[in-house]
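I have placed the structure first, in the form of structure tokens, so that the comments after it can refer back to it.
Below, chains carry the letters A, B, ... as their sequence lines are ordered, and counting in each starts from 1.
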Amino acid sequence: MSRELAKTYDPKGIEDRLYEKWLEKKYFHAEVDHSRTPFTIVIPPPNITGQLHMGHAMDNTMQDILIRFKRMQGYNVLWQPGTDHASIATEVKITEKLKEEGIDKHELGREKFLERAWAWKKEYGGRIISQLKKMGSSCDWDRERFTMDEGCNRAVTDAFVKMHEKGYIYKGARIINWCPVCNTSISDAEVIYEEQAGHLWHIKYPVIGEDGKPSETEFLTFATTRPETMLGDTAVAIHPEDERYAHLIGKSVLLPIVNRVIPVVTDTYVDREFGTGVVKITPAHDPNDFEVGKRHDLPIVNIMNDNATINAGGGRFEGMDRYEARKAIVDELAKQGLLVKIEDYSHNVGTHDRCKTTVEPLVKEQWFVKMDELIQPAVEAVKKGEIKLIPQRMEKTYFNWTDNIRDWCISRQLWWGHRIPAYYCDKCGEVTVAGEMPEKCPKCGHEHLTQDPDTLDTWFSSALWPFETLGWPEQTEDLKYFYPTDVLVTGYDIVFFWVIRMIFSGYEHMGEKPFKTVLFHGLVRDGQGRKMSKSLGNGIDPLEVIDQYGADALRLTMITGNAPGNDMRFYYERVENSRNFANKVWNASRFIMMNMEGKEVTEPGAARLQPADKWILSRLNTLIREVTDNMESFELGIAVQKVYDFIWDEFCDWYIEMVKPRLYDSDDTVSQNAALWTLKTVLIDALKLLHPYMPFITEEIYCTLRDMEGASGESTLAGEESIMISAWPKYREDRAFGKEEKDIEIIKEAVRGIRNIRNEMNVAPSRKAAVYVVSGDDGILSAFTEGKLFFASLAYASDVMMQKDKAGIAQDAVSVVIPGATLYIPFAELVDIAQEVERLKKEKKRLEGELARVNGMLSNERFLSKAPESKIAEEKEKLTKYTRMMEQVETRLEQLK
RNA sequence: GGAAGCAUAGCUCAGCUGGGAUGAGCGCUCGCCUGACUAGCGGGAGGCCAAGGGUUCGAGCCCCUUUGCUUCCACCA
């Protein structure tokens, strides 16, 4: 039975129905099968706070294309899905929501808060998954994971304990980035620097004289952007070779307000050129100062509370907010005559990527991962090509980070996340790191221990994602079979957060890379090239696009016209174009099926195929090879562009048009069968090539075609359940028809030439005219003879005559010169000879240009001696071609004189 | 301060290992309801491939310099 196809493609209804079918049939599901080669991708787990955005749309389209391509190639594919608990992002959202309800997080308490968090997870965690399904993503949903599910929790604890045992994880007081609003430490990667307008305060401290008293005349002047931190100053630094201050080496200055005597130290960190060449040193509140402090054994004076107010060490400034204190302290210094001047100054300020709060560097006890050794295998892997980064330039970015890596602060003062498996003895304070809370303290035997209240950086669990989702730390069959995974697809913006950390974690815990290739894509921007953001309100919801244009159109848009790793601009004209293409495919299929209706279509054998059939089959054959190659090397955009061009230009605009007269006006059933068979065969393979990109429409057509085939004639699709599990087309030697390709190209050129002239001369399409093909070449004449039928319909010919010379052709006929032949069209009364001569002269000029170029090359001895033979042969062929055409044009000009 | 990317048709971008830019979409323009498709068909205009130098038989593509834009990293107080 055949289903009636609508005149325009309407994705609504079709997409959901097909996705249901795929799920029901379990096509996405993968099991270990040693008879087949696995192909694995783990999804970058979207946050449970998230909504599907354009970045996801691009990311997941790319993954699904690779997955569907490999599945059709016969690999046992697994696309491992899941979501991320997104520790801080989620906690911030829940805290905000609580605040709206008038509830304070701390009053609610940890346990109740976590209940709320799990409720949140339940409510929103599924949302993004259903959105991914709308995109057509063929993930194995039976294996869906969550970074805080039981298995992942075990993996995280296990990894932590093992790394601690090996000394890779340690606890220490170090300077970290503190977010006073979120009340937690954050890693370096979470700090973004923003240029802000601020001030540079020039301040002076009195030098302590020989008598031990502060001098009234000698001062040391310096500049600072954060004057309030002076409360924590424990030194003033100068460059050791700075002669201006050489006499102060070994001396001290008086820290005003606090009235503390602090030393003048020398350190090469000081830039003599900047300001006065003097720096105040606040080890507790500046990373550089912290390092200087370590080198000079300076005390660390913390002056700030967690909420960025001044602490008890601040004397009468205690309790003031940092900015309030800044003002008060500057006022005080001015009062004491120690403020030299205030300058406007624009500088970079570190802010928290989640809440945009200015980050405060603080010294705190935190857990760290020691990076120097761990990172080594990750560096080697990329250097040696064990792991390939695409595009390759990403390696620069990668090494830039690995070369300057600092220890990773992994503890967070948050509740939503994996709690650190460290336990403190309530009596002696001994720390035990273990998978479970010990019964008693291993040191003093005390039975009461308390778990570390902190949780882990969300990326700590994400770093284990490629193997924890396959069962690690158990050595499961899944893990042995599917790991290492094949490709990681992700945006370049999380290379530091995630990609690098997965790589070193993979080597550390699995002893092997987590993936073979990393395929990076760029950002999706708006039509003007701006980042899509909430504050700008320029975001486009992929679901709306799907609703309006269909998932296939959106998917195609995400892939075409964009080089790998480059950012993409999104605008609706592009989606419209994709939608139009879907419609084109739809209608071409409709055309083919309408013509197949009620006919028995059988495979004709090469001898019964006409040149046009062979041409399109041969073109398809080449396309299959190229597209497969491109996709194997992850050139997804190039591949689909070729399929697009083939379908629209070659198949629809040429082949289908060539075949119409055979189907409509001829009684030759053999020829008709050959045409129908070719149409069907090319359509099926083209649909297959397109399927990874546009899964829904290709499936819909494929199944409709199968159903109608089942009703009549010989079926090639009988038993085929779905295009998505059908075999990927292969290049076939017996489908390469070089001669027919050339012949049809000549005819196409002739058709184009005639159309061009007719348009230029304003000949109405309804007005047909005879066409004489004159050629001394029997091959060309026979090619035209074979294509006579469609040539007539494509070139508005009332009749087509083949002859060896121009006997009997009107003298004033218009002529078209193509390689190897001249075509004449007698238009009788309306030809303007002068105009015709002009046109021929133009053509002559063009040919002269071509000939000059070819001759230039071929008369260059160095070209002849150095260029590859194939290139020389190619140019020689062109020379012959253009020479012949030139002769024809000249002859014609001669005749018109 | 360090690094990377981009600069090709009016606009947005392709151009895969160096071999006439018959580049794509949109826009523009002229003509078509040609029995799949007006979400369409046919024709056309429009590009010294940012500038300058080099390598090469040959450069949009490789190297160097310059200019403009974007981004990442560092964070000099």
Side-chain atoms of A:Pro765 come closest, of B:C73, B:C32, B:A77, to B:C32
Please tabulate, for side-chain N and O atoms in residues 552-562 of chain A, each donor-acceptor pair with protein atoms closer than 3.5 Å (sequence neighbours left out).
from	atom 1	to	atom 2	distance (Å)
A:Asp552	OD1	A:Phe696	N	3.2
A:Asp552	OD2	A:Phe696	N	3.4
A:Asp552	OD2	A:Ile697	N	2.7
A:Arg555	NE	A:Tyr693	O	3.0
A:Arg555	NH1	A:Asp64	OD2	2.8
A:Arg555	NH1	A:Met135	O	2.9
A:Arg555	NH2	A:Asp64	OD2	3.0
A:Arg555	NH2	A:Pro692	O	2.7
A:Thr557	OG1	A:Ala553	O	2.6
A:Thr557	OG1	A:Ser578	OG	2.7
A:Thr560	OG1	A:Leu556	O	3.0
A:Asn562	ND2	A:Asp567	O	3.1

From CD of A:Glu395 across to C1' of B:A4 the rounded distance in Å is 13 Å
- Do A:Asp526 side-chain atoms and A:Gly529 backbone N/O form a donor-acceptor pair below 3.5 Å? yes
For RNA chain B, consecutive-pair runs of 3 or more (Watson-Crick or G-U wobble, both H-bond-type distances under 3.5 Å) give B:1-7 with B:67-73, B:10-13 with B:23-26, B:28-32 with B:40-44, B:50-54 with B:62-66
Which of B:A77, B:G35, B:C72 is nearest the side chain of A:Lys531? It is B:C72
Distance-only donor-acceptor check, side chains A:Asn587 and A:Arg590, under 3.5 Å: yes
Rounding to 0.5 Å, atoms CZ (A:Arg846) and CE (A:Met885) come to a distance of 5.5 Å
Of the listed B:C72, B:A3, B:A77, the closest approach to the A:Lys396 side chain comes from B:A3
Donor-acceptor check, side chain of A:Asn595 to backbone of A:Phe591, threshold 3.5 angstrom: yes or no? yes
For A:Glu635, the salt bridge (Lys or Arg N to Asp or Glu O under 4.0 Å) test, sequence neighbours excluded, returns none
Has the side chain of A:Asn538 got a donor or acceptor atom that lies under 3.5 Å from a matching backbone atom of A:Ser533? yes
_Polar side-chain atom of A:Arg758 near backbone of A:Ala764 as donor-acceptor pair, under 3.5 Å_ = yes
Rounded to whole Å, the CE-C1' distance (A:Met558 to B:C13) equals 14 Å
- Item | Donor-acceptor pair, side chain of A:Lys204 and main chain of A:Val340, under 3.5 angstrom | no
Whole-Å distance, A:Met568 CE to B:C13 C1', equals 11 Å
With a 3.5 Å cut-off and just heavy-atom distances, do the side chain of A:Asn400 and the base of B:C73 make a donor-acceptor pair? no
B/S/- along nucleotides 38-48 of chain B (protein heavy atoms under 4.0 Å) is SBSSBSS----
Check nucleotides 9-12 of chain B for protein N or O atoms closer than 3.5 Å to its own N or O atoms and list the pairs.
from	atom 1	to	atom 2	distance (Å)
B:U12	O3'	A:Arg569	NE	3.1
B:U12	O2'	A:Tyr571	OH	2.7

Pairs: protein N or O with nucleotides 56-58 of chain B N or O, under 3.5 Å:
from	atom 1	to	atom 2	distance (Å)
B:C57	OP1	A:Lys866	NZ	2.1
B:C57	O2'	A:Asn860	ND2	2.7

Whole-Å distance, A:Asn566 CG to B:C16 P, equals 13 Å
Determine the interatomic distance between P on B:C6 and the same-named atom on B:G23; round to the nearest Å.
24 Å
To the nearest angstrom, the CZ-P distance between A:Arg393 and B:C73 comes to 15 Å
Open item on the list: Measuring only the P atom in each nucleotide, how far is B:G46 from B:U22? A whole number of Å is fine.
Closed with: 15 Å
At under 4.0 Å between heavy atoms, what does A:Arg406 touch on the DNA or RNA strands: base, sugar-phosphate, or nothing? sugar-phosphate
Review point. What interatomic distance, in whole Å, is found between C1' of B:A50 and the corresponding atom of B:G40?
Key: 39 Å
Expressed as a whole number of Å, how far does the C1' atom of B:A4 sit from that of B:U38? 46 Å
Practice task
Output yes when A:Lys642 and A:Glu626 qualify as a salt bridge under the 4.0 Å nitrogen-oxygen rule, no when they do not.
Solution key: yes
Backbone of A:Thr221 reached by a side-chain donor or acceptor of A:Thr276 within 3.5 Å: yes
Exercise: do A:Lys881 and A:Thr883 side chains pair donor with acceptor under 3.5 Å: no
Is there a donor and acceptor pair, one atom on the side chain of A:Tyr644 and one on the base of B:G25, closer than 3.5 Å? no
Separation of B:A74 atom P from A:Glu194 atom CD, nearest Å, is 15 Å
The nucleotide from B:G15, B:G20, B:G25 with an atom nearest the side chain of A:Tyr882 is B:G20
Please determine whether a side-chain nitrogen of the Lys or Arg among A:Glu360 and A:Arg226 lies less than 4.0 Å from a carboxylate oxygen of the Asp or Glu. yes
With rounding to whole Å, what would you report as the distance between B:C28 and B:C11 at their P atoms?
-> 15 Å
Requested in this report: Taking the side chain as every heavy atom from C-beta outward, state whether A:Phe581 and A:Met694 have any atom pair closer than 4.5 Å.
Outcome: yes
When you measure only distances, ignoring hydrogens and angles, does the side chain of A:Asn630 come within 3.5 Å of the base of B:C16 through a donor and an acceptor? yes
(Q) Between A:Tyr205 and A:Phe222, is the ring centroid distance below 6.0 Å? (A) yes
Between A:Met394 and the options A:Val382, A:Leu389, A:Leu519, the side chain to side chain contact (heavy atoms under 4.5 Å, CB included) test singles out A:Leu389
Rounded to whole Å, the NE2-P distance (A:His347 to B:A74) equals 17 Å
Rounded to whole Å, CE of A:Met593 lies from P of B:C37 at a distance of 14 Å
Base orientation of B:G43, chi within 90° of 0 counted as syn, else anti, reads anti
